[in-house]
Structures are given as structure tokens and as C-alpha cells.
Engineer: 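I'd like to ask some things about the structure below.
Heavy atoms only: backbone and side chains are in, while hydrogens, waters and symmetry mates are out. Counting starts at 1 for both ligands and their atoms, following the listed order.
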Amino acid sequence: MAPRFCEVALPVPLRTTFTYEAPESLAELVAPGTRVVVPFRNRALIGVVFELANRAPEGTKVKPISEVLDPIPALPPKLLELGRWVAEYYVAPIGEVFRGMLPPPVEMESERALWLTAAGRGYFAELSARGNRSEAEVTEHALLHLIEVEDKPLRTSRLGKLPGGEAAAARLMRHGRLEARDLTRHRKPRMRTIVAWNPEAQGETPRADEERIRKVLTAERGPLPLPALLREAGAKRSAIDRLTRQGKLLMWQEPQAAEDDWFEADFTPPANVLNADQSRALGEIESWLAAGEFTVGLLYGVTGSGKTEVYLRAVRQALKRGRTALILVPEVALTLWLGRLCRAWFGSVGEGVAVLHSALPEAERSREWWRVRRGEARVVVGARSAVFAPLENLGLVIVDEEQEASYKQEETPRYNGRDTAIVRAKLENAVAVLSSATPSLESFHHARIGKYHLLQLESRVENRPLAPVEIVDLREDFRRTHRSAAISEKLRTAISEGLAQGTQALVLINRRGYAWSVLCRSCGAAVQCENCSISLTYHKKRARLMCHYCGYSIPVPRRCPKCDSEHIHFFGEGAEQIEERLRELFSQARVGRLDRDTARTKREYQQVLSAFAAGRLDILVGTQMVAKGHDFQRVTLVGVVSADTALSLPDFRAAERTFQLLTQVAGRAGRGELPGAVLVETYYPEHYAIQLAAQQDYPTFFERELHFRRLMHYPPFTALANIVVRDRKVENAIRWSRQLAAFLEPQESRGVKVLGPAAAPLARLKREYRFQFLLKAPRRTQLSRILAECLDFCSRKEIPETAVIVDVDPLSLF
Ligand code: ADP
Ligand code: ZN
Ligand code: ZN
């Protein structure tokens, strides 16, 4: 007999599971990993069955499960195990961990439909031939008839219309005459309007604008989508309507063509012959796959050394061995690149590729997720949360640009996707390969002490040179030109030379918006967010000042809100402003921008990146989204505007992050046949992070930084955790911090260093006051124990669970 009780993990901020009873009708369906609907404090919540139990806990009243959502458990066993690890390691509520692992619940709306089986067809023929049918058979016949004449599966929602339909369907299914499957609804393809010149059109001489339209559509371009025609002919919509009425233009609708999109278009990956380094690295990975044991490799090689090429081949090997593969990348923009590559490599040999990331519409994300769960996709490419993709029999996990901070989730559960990927590989006896030109100090250190295997690619493929990096001293530029310009004279000259030669330029500016702060010249006040201790960013196009932390925004003030002076000054260039300057400076160039303001959805990303990749843009401006991973073949110039913004942050990783970003973006230049150049503008030209990035000297940077980490007791030499105490009432935040301090202080005698309580660098965020403690422990186990005890202490003292944020292995202390 099936166990009657189960522990269910619910998406609530509590570090525990809850006991429910499975009613007899559902008992067979309840298994670990199954999603269920349960009553919880007068609400219905979706939870995940975590464990089965034969007995109820004593003394409590156990409520029954109301519904079972999955015919097969949504989460396979290994993912349950992984979730348990995440919850323990990051001291996070288990239910919230599982919520992050599941697909968006939209698929619950996806409908089941009934298919006719071969047996069903035979039965239908038999019934049709028979004269006298019982009442039940009449219903069955009607049902089968419906499917037969419509020649398509019947949605179960229509059964209600047929009296006795549901019972009949159940009977037919039991006898194998019908089969139920989930039907994913196909959305209508997007349509677009195409305009062509009617070859049969006659009539009087057209007007000037009409002549222009005719020329574009006949001599220059041929039939065009309407927006393109308006743009290229400089025509008005009214002119086009007029010509259509006169029969001179033809207009029709067609589905948005796939080949319109560079990312969706078919392409064949180049058949490269691996060089010696690449072959050696691939050979090693293959031997690990063959051994079938958990192994971690660090694939380290300068940008453009062919790392992607190596790991894609490794994926192929894993697939050949009947295993599945997961590729994690740090940015949505990169999932598109890798997805395209993977479809070309594996899609054509019948291995489904799924792409998972947060910019997908929920329905699409859910569809992709279930394709993976059903085993239809055996390769998954995705951003952070794809580490939880429900692949089974996982053989290989790749973490591309493993050092990236975006692998760390900055909300509960605060896991690091890279580290979770390694644990996942361990649970599945799989191989994990971390890939980078600038590995994190932690990973490189692990490789050096032999915990990871180092796979090194010494040089760029075909011995292409790395692009030389020149540092532009902005102070000197100012002395010469007496103007403070974000785009220095040098950068301007370099861009215009590139434009003259018809090559492309990439400009990195690591700030969004138009200006990152608004100052009053009279009283010196900066306009701050009402909810956070941070200045507001000016967004010109939206004509608002906005907070990048909480979303608060106000119209642009004409006068200082504090002293009413008119002398308001916008300070510090952001991407929006750089784009505007570039358009002014190079009026003939086609300029695009990629940042979180221009790209939120997959489509928006695709539009900008396709345009640049296909050469429809000359200059691309962007935040770090453009810096990583991409393989744009015609980029010869990379310009970095205000390279040093991160260096002023109070964070021990500031130098590392600056070094990585500069090295990464420099690596975007000169990747194809054409040689490249990089210009880095800065006010701190002497800073070692900038100097060493310019020399692209990772080993020296590593030694220097590791020395500093050892001296200062930072990772990888200590385990770190950050505890933030927060509340809207400052008194509460202070009182709880004091209580926590009293608990944490004695831990110092156990060798754990406790820094704090101190006001957090963001002392106020989303209306909450914040104080923080930084814990440094020589050993990980010690840290975990103290953190668990600390949270128990909080619940004893009735400090709300939501008031205490524990961040294990924090990446940003800001
Ligand atoms: P990385 O990931 O190290 O930045 P990629 O794998 O993207 O480098 O390779 C950079 C470019 O070199 C790509 O355009 C790729 O197709 C090409 N490439 C990779 N390996 C070879 C090779 N062995 N011979 C020629 N071209 C190669
Ligand atoms: Zn003022
Ligand atoms: Zn704010």
C-alpha cells in the first residue's frame, strides 16, 4: 500500500517542509518531485512533494492534498537532491529553492487532448458497422466519430459538451483506444505587410515621392516589408495608401520570415581542424567522459583561443555516449549565440536543443522546460537558472565565462550557478568544465592546487594576434582639449578610420541611462531615491529620473528639489548619452545600443545583435552585455568609455571585476581575419587592474591578487558570508542587529572573524534600513554551522525570517 503522508515543500520563506495527507484516490499519483496543490493558511499553494512518509507527525492535524498536477514527477530525483543541497548550503527555504527549479506555472493551462490509436480506429470501424449499440457505445461512437471527421486530436475540455463524454473517454483510454497527451498550443505566427510595385500599373507620371518609392521597389530593392519601405524611401504612409488605392502598389501579409532573423537562420558551423592545444584539451575531456566519473576541468585560454569550439565537441562526445549536456552562459544575449551554434551542431543530427532564460515569454519557457523534461531536448543552453534544467542522465556541464558575477542570484535562494553546476555534476557522476579567459581567483587557485584539472589553450586560433590595448589618459585628453568629453579625441579618430574602411566598432560603457547623477550647483545636493540611499539616474528618452534598485521614478526636475535653484547639472555619462554623442559625431554611421533599457525580451535582444552581426550596424554601444563571449568577425575596434567606474566601489573584488571586464571586451576585437585595436579610457591609468588588463596578463594579475586575498583573509583562503538585517523601521533594524551581534561575538573565539554590525554600503534600500555583518571562517563547515545556529537563534528571539538575509559566498558586498 502506498504511503499516505508526505512532506511538501511550499514557496514560503520558512526553512521547513509541511506534512499533508494523500487521499486514497490520489495516493498512487503522489511521488517525490510531483507538484501538488495544498491548502495553506486559507490559500491554495503549489508545492513539491519532497518525501513520502508512512506516519503522520503526532499531535498535529494533517490536511489532505487537494490536487496532483503531474502525471510524472516534475522534478527528477537528482534535482530533488540538488535542491536539498542548495537549501542547506545557502541556508535558504527549501520551498523557495524548488520554486526556482520549476517551470513557470503557465503550462497548467496547456490542454490535454485525445488521440485515436490504431486499436481505436479498428474499434470505431467495428462500432460503425454494428447496427445495435448500447447507450455507452453510442456515446463512444459519437466521440470517436468527432475525432475521425475532424481529423485532429480532441481537447478534453470539449468532452463536457457531450453527455457521458468524460466517462466514455475514460473507458476508451483504459482499453487503449484513445491516448491522452498534452497539447501545446501553437500561437499564430507574427505577420508582416509586404509592399511591391505592381508591374502592370499604368498611369500618369508619378510625383516625386512616388517616383522614389517606385525606384526603391523596382530598381534598388524589390518587394519590402512596410516599415523598411517607409524608411528607405523616406516615404509617408499616406503616399503608400494612395498608391495602393490607385493599384500601383500591391500589398500582402506574410508570416514573419525566419530567415529575416540572423539567429534563427540556418547556418553550418565552420569545419575547423583543431590545433594541438585544442586537441589535447578535448582528448582529456573525452577520457573523463569515458571514465564516467565526476571530474572538474578548468578550460583556460585567451579570448579567441577556441574554447567554445572545444567544449561543443565535448558535448558531441557526451551525446554519443548517450548522455545529455548542459551549457551555462552568463548573459541572455549569449544564450542566443550559443543556442544558434548548438542548433547548428546538434539540431541537425536530431538532438533537440532547448534554450532557457528569463527573457523568454513564460509560455515559451515552460514549453522549453517540458521538452527537456520529456527528453525531447538533450542539450540545454541557458543562463543561471538553467543549472536546474530537468535533464536526466547528465554527462557534461559547461560553465562558460565561469567568473561572471551574473551566475550569482542576488535574491533568495542566493545560489551561485557555477558552484551549483559543479555539485550537480557530482551528483550525476558527470564532467564539469569551467571555461574562461579570466578565471575567477577561486577557480584558478583550485586548478593550481590540483582540485580541478587545468586545460590550457596557449594562443589564439591560427596564431591570430591579440588586439593591442592602448590606455587613453582622460586627464591628459582634458589638458589638451580643455573639454571633458566621454569620447576622447583618440577614440573619435579611431572610430572614423574604421568607418572609412567599412569595419565595425564596439563601444563599452558600463552604466545605463543618460546621466548617472543629477547635482544642484547651488546647494550641492544630488537628487536621491525616496526609498534608497542612491542617486537617481537620468533617462532622457523616458524623460525621467529613475532608481535602478527599486524602480522609483520622478519627472525631470527643472529646479533643485532642495533649494529651488535653477542650476541643475547632469553628471556622468551613461550608455544613452554615449549613443547620442556617437550619432552626432558620426552622422553617416548606423549606431545601435544594447543594454537593459533597449533589450528586455528575446526579440529585442535578437534585433540588435542580429543587426550588428549581419553588418546592418556600424557601431554598437552597450553595457557589459556586449563585452562577453560574442564572436563578431568584423569588429576591429573596441572602445571602453569610463573603464574605471567599478574601481571606486567599496568591494574587495573591484579590481578583479575591472580586470575581467576589460580583458573580456578587449577580446572582442580582431577575432576574424582583420586585425583589431582596443582603446581604454580612464582617469586611473596607473591602476594595476587596468595596466595588466591592457597587457592581457592574467598570470601576473592572479599572483598579485591572490597575495592580497591571502593577506586580507578573503576567499579562496576563507569562507565568507554576509548577513544583512533589514527593516522599514530603523529601530527594529538596530535592535535586531544588536541581538545578532550578541550571538555572533562569542563565535570569534571559535576562530571566525565577525566584522560588523555596520551600516550596509546601501544603507537604505526599498524603504528598508540595512545593517550588515561580514563573517570570515577558516573552514566552510564551521561557517555553515554558525549560519544555521544563527537562524535558529533568530527564530528563538522572534526576529522575522524575512528580516535577516544570509548570503553565503557573496559576490558583491555592495
Ligand atoms: P573562445 O571561446 O576561446 O573565445 P572560439 O571557440 O569562439 O574562441 O573561437 C574563436 C573563433 O575561431 C571562432 O570564430 C571559431 O570558429 C574559430 N576557430 C576555433 N577553432 C578554430 C580552429 N582550430 N581553426 C580555425 N578557426 C577556429
Ligand atoms: Zn539645490
Ligand atoms: Zn530606489
Side-chain angles (χ1 to χ4, degrees), residues 267-282 299-315 327 329 334 337-338 340-341 344-345 398 400-402 433-439 455-464 466-467 518-537 545-554 557-569 613 627-635 663-674 676 696 762-768 770:
F267 92 111
T268 326
N272 294 319
V273 179
L274 295 190
N275 62 31
D277 278 352
Q278 288 176 311
S279 305
R280 195 169 336 107
L282 180 63
L299 181 60
Y300 159 61
V302 292
T303 50
S305 56
K307 300 183 289 297
T308 311
E309 187 90 19
V310 169
Y311 70 63
L312 288 177
R313 281 169 207 249
V315 167
I327 303 175
V329 293
L334 278 178
W337 275 90
L338 248 310
R340 176 176 185 263
L341 271 174
W345 276 64
I398 308 288
D400 197 11
E401 313 280 4
E402 61 87 25
V433 173
L434 313 181
S435 171
S436 178
T438 54
L455 305 169
Q456 189 166 352
L457 308 182
E458 299 277 354
S459 54
R460 273 197 164 177
V461 292
E462 308 196 309
N463 289 316
R464 281 174 202 152
L466 278 169
V518 187
L519 279 175
C520 168
R521 286 235 153 122
S522 298
C523 73
V527 183
Q528 287 229 327
C529 175
E530 203 178 87
N531 311 321
C532 313
S533 45
I534 200 92
S535 54
L536 294 176
T537 302
L545 303 186
M546 308 185 51
C547 174
H548 287 179
Y549 289 85
C550 73
Y552 173 82
S553 80
I554 54 170
R558 298 226 164 151
R559 295 168 165 276
C560 170
K562 284 241 168 73
C563 76
D564 208 37
S565 149
E566 287 178 2
H567 300 286
I568 284 199
H569 179 58
K628 298 161 203 166
H630 302 284
D631 192 30
F632 298 115
Q633 297 272 318
R634 291 192 60 78
V635 170
T663 314
Q664 284 296 333
V665 70
R668 298 312 113 215
R671 293 177 71 88
E673 306 283 315
L674 308 161
Q696 310 205 24
L762 262 174
R764 204 162 157 259
L765 181 67
K766 299 183 182 169
R767 292 179 173 260
E768 291 174 328
R770 295 149 50 90

Engineer: Can you see whether N531 engages Y549 through a side-chain donor-acceptor pair at a distance of less than 3.5 angstrom?
Structural biologist: no
Engineer: Between E309 and R313, is there a side-chain N and carboxylate O pair less than 4.0 Å apart?
Structural biologist: yes
Engineer: With heavy atoms only and a cut-off of under 4.0 Å, state how V310 meets ligand 1: side chain, backbone, both or neither.
Structural biologist: neither
Engineer: Which angle, to 10 degrees, forms at the Zn ion (ligand 2) with SG of C560 on one side and SG of C523 on the other?
Structural biologist: 110°
Engineer: Checking only N/O/S atoms, does H567 have one that is under 2.8 Å from the Zn ion (ligand 2)?
Structural biologist: no
Engineer: Who's closest to atom 7 (O) of ligand 1 heavy-atom-wise, of R313, R671, R460?
Structural biologist: R671
Engineer: Which of the atoms in ligand 1, numbered in the order shown and given with their element, are less than 4.0 Å from a heavy-atom of Q633?
Structural biologist: 14 (O)
Engineer: Less than 3.5 Å between some nitrogen or oxygen of T303 and one of ligand 1, yes or no?
Structural biologist: no
Engineer: Nearest non-hydrogen atom to atom 26 (N) of ligand 1 belongs to which of N272, D277, L274?
Structural biologist: N272
Engineer: Taking atom types as modelled, is there a side-chain donor on E530 or Y552 under 3.5 Å from an acceptor on the other?
Structural biologist: yes
Engineer: At a 4.0 Å cut-off, with the gap strictly under it, does some heavy atom of S305 reach an atom of ligand 1?
Structural biologist: yes
Engineer: Counting both backbone and side chain atoms, is some N or O of E462 under 3.5 Å from an N or O of ligand 1?
Structural biologist: no
Engineer: Output yes when the distance from some N or O of ligand 1 to some N or O of G306 is under 3.5 Å, and no in every other case.
Structural biologist: yes
Engineer: Which of the atoms in ligand 1, numbered in the order shown and given with their element, are less than 4.0 Å from a heavy-atom of V273?
Structural biologist: 22 (C), 23 (N), 24 (N)
